[in-house]
Participant: 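Please see the structure below; I have some questions.
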Amino acid sequence: MTTDSASAAGDPRRLLSDIRALAHRVRLDQRMTWAALLVLAAATLVGIPFDWFGMKVTCYPDGGCQYARQGLLYYWPVAMLLTYAAIAFCYVRAARARGVGTRVLPYAITGAATTVVFPAAWFGLRLYLSSHPVPEGPLPYWWFLLDRLVMPWAMVGVALLVLAWLERNVALLLFTLAYLALVLVLPLNIGIGPPKWGLRAQFAVPQLIVGVVLLLGALGFRAARRRPR
Amino acid sequence: MTAVTQTPDPDAAHPANGLDEVVHQRVRLGILAITHEARRVEFGYLRTQLELTAGNLSKHLSVLEAAGLIEVEKGYEGRRGRTWITLTDDGVTALSNEIRRLKQLIARVETTNDE
């Protein structure tokens, strides 16, 4: 045993804390949280016109309107796959440039898997409604919650939770929990705003809020990264 | 090493007995810890993080490679030569064994101090 190891062995606590500190430094160097949030913000904001122009709205003389958000259905599955591929690419490239490997693949796979949930839930609902009457009266709150949970913005939150776990990133975990709370509170499935705005604008507002929150998150994480450690 | 007076216990060998001479060294343990976390690490990154000279790092890498704990892969990125290090399965096992032994050692010292 060398002198070095002999002295270190005298303090196993120090050795263990050294190992943890080195592992933590590697994890910090592997992080590209801001880039992931930026790409997700871009995907959310780009999705707004798809929802706007892809929405089929039929209004009746009694003032009631029926709508179908076809744009969402066509845009998000493709956008999610491209988004997670772009994020994985950014992570691998940045990690390689820094001289380390990365563990982003589980995140990308989760992202891609959650992508399937949204269209599957949509098709499931359509199948159900084609053979069952639309329930009368106010729908229970859990129905709205479930509806919001399977929408693409909540799926983004689920994938961010996986990223926070992979990166052992407490700041991202807190951000994601706040983001998920926002997504579940915001009426992304029924729109927000005064009736005179029209359905399309009402649906665009919560998406804009989500996109801006992700963008601000990206800027915040970027600023935190630039701060000298 | 901290002197610990223990009643001999045939069922529990002292954790220090199981420490691997190759792994139980500050720099080599650091190399294994970084490589494990990074999955794959570049020579320059290791040198910076461990604050070593290239020659000193190379010596430690040779010891670990000879013990079959790491794999060294040399290549080029553009015109720049790059050396990448990955842990072998034996390396992963050796690192987790070392961490387990260190924890046992700490636990044993704490138990002795409490008595």
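Chain identifiers are assigned alphabetically (A, B, ...) following the order of the sequence lines, protein sequences preceding nucleic acid strands; residue numbering begins at 1 within each chain.
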Participant: Under 3.5 Å, is there a donor-acceptor pair between the side chain of A:R96 and the main chain of A:G101?
Facilitator: no

Participant: Can you name the closest pair of heavy atoms from A:I48 and A:A204 and give their distance?
Facilitator: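 Closest pair (atom of A:I48, atom of A:A204, distance): CG2-CB, 3.8 Å.
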
Participant: Just so I understand: if I count every heavy-atom pair under 4.5 Å between each of B:K103, B:R82, B:H36, B:R40 and chain A, which residue has the most?
Facilitator: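 Of the options given, most contacts go to B:R40.
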
Participant: Determine whether the side chains of A:T33 and A:E167 contain a donor N or O and an acceptor N or O closer than 3.5 Å.
Facilitator: yes

Participant: Testing the basics here: between A:A36 and A:I87, what is the closest heavy-atom pair and its distance to 0.1 Å?
Facilitator: O-CD1, 3.8 Å

Participant: If I measure from the heavy atoms of chain B, does A:R98 come under 4.5 Å with its side chain, its backbone, both, or neither?
Facilitator: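 Contact with chain B involves the backbone of A:R98 alone.
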
Participant: At their closest point, which heavy atom of A:A43 faces which heavy atom of A:T83, and how far apart are they?
Facilitator: CB-OG1, 3.5 Å

Participant: Can you confirm whether B:L57 sits close enough to B:I31 that some side-chain heavy atom of one is under 4.5 Å from a side-chain heavy atom of the other?
Facilitator: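 They are in side-chain contact.
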
Participant: Enumerate by number any residue of residues 44-55 of chain B whose heavy atoms lie under 4.5 Å from heavy atoms of chain A; in the absence of such residues, state 'none'.
Facilitator: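 Result: B:Y45, B:Q49, B:L50.
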
Participant: My understanding is that only residues two or more places apart in sequence, or in another chain, count here; which of them pass salt bridge (charged side-chain N to carboxylate O under 4.0 Å, His left out) with B:E37?
Facilitator: A:R27, A:R103

